[in-house]
Protein chains: 2
Amino acid sequence: MKNGGRKKATIYDLSVLSGSSPSTVSAVLNGTWRKRRIKEATAALIRELAEKHQYTANRQAQGLRSSRSGLIGLLLPVHDNRYFSSMAQTFEAQVRARGQCPIVVSASRDPQQERETAETLISYSIDELFICGATDPDGVHEVCEKAGLKHINIDLPGSKVPSVISDNYEGGRMLTEAIIRQFPADRPLEAGELYLFGGRNDHASRERIRGFRAVKRNLLGGDPDDCIQTTGYSPNNTRAAFEAFHEKAGRLPRALFVNSSINFEGFLRFMAGHPHETFSDMVVGCYDYDPFASFLPFPVIMIRQNIEGMLAKAFAVMEEPRPAPVTHLIRPELIAPRTALTGPLDALKDVD
Amino acid sequence: MKNGGRKKATIYDLSVLSGSSPSTVSAVLNGTWRKRRIKEATAALIRELAEKHQYTANRQAQGLRSSRSGLIGLLLPVHDNRYFSSMAQTFEAQVRARGQCPIVVSASRDPQQERETAETLISYSIDELFICGATDPDGVHEVCEKAGLKHINIDLPGSKVPSVISDNYEGGRMLTEAIIRQFPADRPLEAGELYLFGGRNDHASRERIRGFRAVKRNLLGGDPDDCIQTTGYSPNNTRAAFEAFHEKAGRLPRALFVNSSINFEGFLRFMAGHPHETFSDMVVGCYDYDPFASFLPFPVIMIRQNIEGMLAKAFAVMEEPRPAPVTHLIRPELIAPRTALTGPLDALKDVD
DNA sequence: CTTTTTTGCACAATCGATGGTGCAAAGACT
DNA sequence: AGTCTTTGCACCATCGATTGTGCAAAAAAG
């Protein structure tokens, strides 16, 4: 142990050791030293000492002085879901690439928790906030606005700042069409056999449903309201809806459009209580991609939202000086059954 | 907009407004005011003003003064995986319940990135660090130790501080036995038909393999080395191992023990290139639980690690004054095929 | 009406880094 | 040698909250 091994070195420590003033040390270590006409030799000495004593700047002190922290926040509904956790993974990589520190938190889709979480992040002087899948983006906006914090919406749009979201209408169309086309010409799907389950009254669900209805009407004709069951996002409510349907109709629809992978988990819970045969001839489309879901015992067509695309766009928009509060749509991708895509995990090197 | 709507109020602002000194305001707002014998009326006035002006403390300033930040870190290998994202979700809840702010970051299973990430967190003066699934826990330990940061290992053990991990040996035994018992008595599994794929030379893999061998030897007899294929954690390497096996043997083993859900993703990639029939009579056991994986077209027996249990234990150990650097084992749970468990998501209320 | 005690609070130093300002020493120029 | 520049750096206030210390005014005791 070269140094005391205990407390972290500060610019004051280096100042004493180098015989320079703290401000000189600071300038050398934060890169502004040329502007301050510090001699190359002085700088070299200080850098060497910093290295030797493993100096790292105290970010709290830096942040206090500059009212910036180097932290970039991502506010998620939940972590444990492939869509959002991929979002977190990709976000981290992009923030790191910009030399800042990502901080990812979830707020449970609860408007109040969303606002409180934003407040907390603000108290740490985060520099920017990406609001992903928020139930009340404009509520979070208020909080950010008041603190002068730059922010942007992802996945679900707000009205006060720019939003970057999945093209849910187009995705809903693609998925619906793929479901219908999955059936053979000699026994085609009929209008009463295609149901949508899941989602609630948020922008994403509404747009997906709009796409669903448009294509369904076009290809199959009629579309009575009971073909659409908005169950909310809770797996258990979704399961209950399937149970109720099955109870009443004596069977499941031949084809399902499931609003999200979280709703799909509700379907799994239903599956657990029913034998294989119940699902043997059905086709399921799910808005969201999960590799394991793609290999279930019936054809599962999935929509993979373009997470990298959305985040890249969001970062780009963030850099604009005064971006207009418009909504940018990013096209998602249709994934055929039994497809295992590569993901952020593949970027890792696998040491042994 | 009642206040200026721009900058955040500070204790100095409230000091002017209330006619008290900044230190009095500070004491009132951080709860130490009784100790300082501040009058009830004064405190009430200040609280009222704070409320009115939506005062929130600047955590950077607080942290600078106290060299604590209220941040509790969780260092993960990756986000986008159900096991680790559930870990993140549960961690968040536990930290929030303690009135602190969770900060979750990933370090890609790369020893150097692990250390650098820890350094970064330290520069923000985090108060505690939970090191989960680190490739080099003792390396991270060095960094924490030097900064005087309390820390603990989860999921993979280190030797310098306490560790709380899954009982991988017992889990490996349970899973192996369940796989073997899944086969009917009239056509039992034979020794040469049970293979283990995935994992590498880390503690978890070694213990699982040890459990696998013990049970296999006991129930089926012999266990040649080629029944164990440690492919690392990369999905693509895992896939390649399956391809190679299939190429050589002309078929897959009847039974598989897959080391983790990430390795299972490698198996999915293999599956994508082969027809259904290839898997029709096989049984797969996977160390990790994923709800979708549980419903694949063949029996999938899974191990659900007790995440809540591990974290609860870890928090408990953290509170001990000088905990011994021992490893605490938490028993995982065997999950039968076609099981959809509830998870952290179910704690959310689903508003509409 | 003093002396002692208690109450209620203000003052000022401090945490570590930053950046504006000022000033001595060295060099350039007349 | 005297004036003007340039170089190289030190000094000090500042960011917002915390905390040890000190000291008036009020209350209690004598």
Side-chain angles (χ1 to χ4, degrees), chain A residues 6-47 49-50 53-70 122-127 147-148, chain B residues 6-47 49-50 53-70 122-127 147-148:
Chain A
R6 219 75 281 277
K7 283 296 161 207
K8 304 234 63 176
T10 71
I11 54 169
Y12 296 93
D13 300 329
L14 298 183
S15 151
V16 172
L17 290 166
S18 68
S20 307
S21 76
S23 59
T24 298
V25 175
S26 172
V28 168
L29 296 174
N30 70 23
T32 60
W33 59 284
R34 293 205 168 281
K35 201 169 59 190
R36 283 179 158 274
R37 302 196 308 253
I38 308 293
K39 220 195 311 181
E40 180 67 56
T42 309
L45 169 63
I46 290 174
R47 273 195 302 262
L49 286 169
H53 294 270
Q54 309 197 56
Y55 170 84
T56 48
N58 180 322
R59 308 297 303 250
Q60 307 226 48
Q62 272 186 329
L64 176 56
R65 183 59 226 256
S66 58
S67 59
R68 302 174 33 82
S69 63
I122 287 169
S123 74
Y124 285 104
S125 309
I126 64 169
D127 298 339
Chain B
R6 218 78 281 280
K7 282 297 163 208
K8 304 234 65 175
T10 72
I11 54 169
Y12 297 93
D13 301 328
L14 298 182
S15 151
V16 172
L17 290 167
S18 69
S20 309
S21 77
S23 58
T24 299
V25 174
S26 171
V28 168
L29 296 174
N30 70 23
T32 60
W33 59 284
R34 292 204 169 283
K35 200 170 59 192
R36 286 182 156 270
R37 302 197 308 253
I38 307 293
K39 221 194 311 182
E40 179 67 56
T42 309
L45 169 64
I46 290 174
R47 274 196 301 262
L49 286 169
H53 293 272
Q54 308 197 54
Y55 169 83
T56 49
N58 181 322
R59 309 296 304 249
Q60 309 227 46
Q62 273 186 325
L64 174 56
R65 184 58 226 262
S66 58
S67 59
R68 304 175 28 84
S69 64
I122 287 168
S123 74
Y124 285 103
S125 309
I126 64 168
D127 299 338

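So that the names make sense, note that chain A is the first sequence line, chain B the second, and so on, each numbered from 1.
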*Asks:* Using a cut-off of 4.0 Å on non-hydrogen atoms, how would the nucleic acid contact of A:Ser66 be classed: base, sugar-phosphate, or nothing?
*Replies:*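 It contacts nothing in the nucleic acid.
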
*Asks:* Could you check whether the side chain of A:Ser23 and the base of D:dC11 have a donor-acceptor pair of N or O atoms closer than 3.5 Å, going by distance alone?
*Replies:* yes

*Asks:* Please give, in whole Å, the distance from C:dC9 C1' to B:Leu14 CG?
*Replies:* 17 Å

*Asks:* What are the two closest heavy atoms between B:Ser15 and B:Ser21, and how far apart are they?
*Replies:* OG-C, 3.9 Å

*Asks:* With a 4.0 Å cut-off on heavy atoms, is B:Thr32 in touch with a base, just the backbone sugar-phosphate, or nothing at all?
*Replies:* nothing

*Asks:* Whole angstrom is fine here: how far is it from CG in A:Leu45 over to C1' in D:dG8?
*Replies:* 15 Å

*Asks:* Return the OG to CZ distance between A:Ser26 and A:Arg36, rounded to the nearest 0.5 Å.
*Replies:*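 It comes to 7.5 Å.
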
*Asks:* Take atom CG of B:Leu29 and atom P of C:dC9, then tell me their distance rounded to the nearest Å.
*Replies:* 14 Å

*Asks:* Other residues, nucleotides and ligands only: do more than 12 of their heavy atoms fall within 6.0 Å of CZ on B:Arg68?
*Replies:*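 No - once you tally the heavy atoms of other residues, nucleotides and ligands closer than 6.0 Å, there are 12 at most.
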
*Asks:* Reading DNA chain C from 5' onward, which residue's closest nucleotide shows up sooner: A:Pro22 or B:Leu64?
*Replies:*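 Comparing both residues, the 5'-ward one is B:Leu64.
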
*Asks:* To the nearest 0.5 Å, what is the distance between CD1 on A:Ile11 and CG on A:Asn30?
*Replies:*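 Reported value, rounded in 0.5 Å steps: 9.0 Å.
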
*Asks:* Measure the shortest side-chain to side-chain distance between A:Lys8 and A:Thr56 over non-hydrogen atoms and say whether it is less than 4.5 angstrom.
*Replies:*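 The answer is yes, as the side chains (C-beta and beyond) meet within the 4.5 Å cut-off.
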
*Asks:* Looking at the base of D:dG20, is there any donor atom on it, or on the side chain of B:Arg36, that sits under 3.5 Å from an acceptor on the other one?
*Replies:*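 For B:Arg36, whose side chain was compared with the base of D:dG20, there is a donor-acceptor pair (under 3.5 Å).
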
*Asks:* Using only side-chain N and O atoms of B:Ser21, determine if any of them is under 4.0 Å from OP1 or OP2 of C:dA10.
*Replies:* yes

*Asks:* Once you apply a heavy-atom cut-off of 4.0 Å, does B:Ser67 come out as touching a base, just sugar-phosphate, or nothing?
*Replies:*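 If one applies the 4.0 Å heavy-atom cut-off, B:Ser67 turns out to touch nothing in the nucleic acid.
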
*Asks:* What's the NZ-P distance between B:Lys8 and D:dC15, to the nearest Å?
*Replies:* 17 Å

*Asks:* Without decimals, in angstroms, what is the distance between A:Ile11 CD1 and C:dC15 P?
*Replies:* 12 Å

*Asks:* Tell me the interatomic distance from A:Trp33, atom CH2, to D:dT7, atom C1', rounded to whole angstroms.
*Replies:*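 It is 14 Å, rounded to the nearest whole Å.
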
*Asks:* For a quick check of understanding: with a heavy-atom distance under 4.0 Å over all strands, which category does A:Gly19 fall into, base, sugar-phosphate or nothing?
*Replies:* sugar-phosphate

*Asks:* Please state how far atom CZ in A:Arg37 lies from atom P in C:dA25, giving the value in whole angstrom units.
*Replies:* 16 Å

*Asks:* Considering just the side-chain nitrogens and oxygens of A:Thr24, establish if one lies under 4.0 Å of OP1 or OP2 belonging to D:dA10.
*Replies:* yes

*Asks:* Looking at B:Tyr12, does any N or O in its side chain come under 4.0 Å of the phosphate oxygens OP1/OP2 on D:dT14?
*Replies:*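 For D:dT14, neither OP1 nor OP2 has a side-chain N or O of B:Tyr12 closer than 4.0 Å.
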
*Asks:* Is the phosphate of C:dA17 approached by A:Tyr55 (side-chain N or O, under 4.0 Å from OP1 or OP2)?
*Replies:*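 Checking C:dA17 against A:Tyr55, a side-chain N or O does come within under 4.0 Å of OP1 or OP2.
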
*Asks:* Please state how far atom CG in B:Asn30 lies from atom P in D:dT19, giving the value in whole angstrom units.
*Replies:*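 One finds 7 Å between P of D:dT19 and CG of B:Asn30, rounded.
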
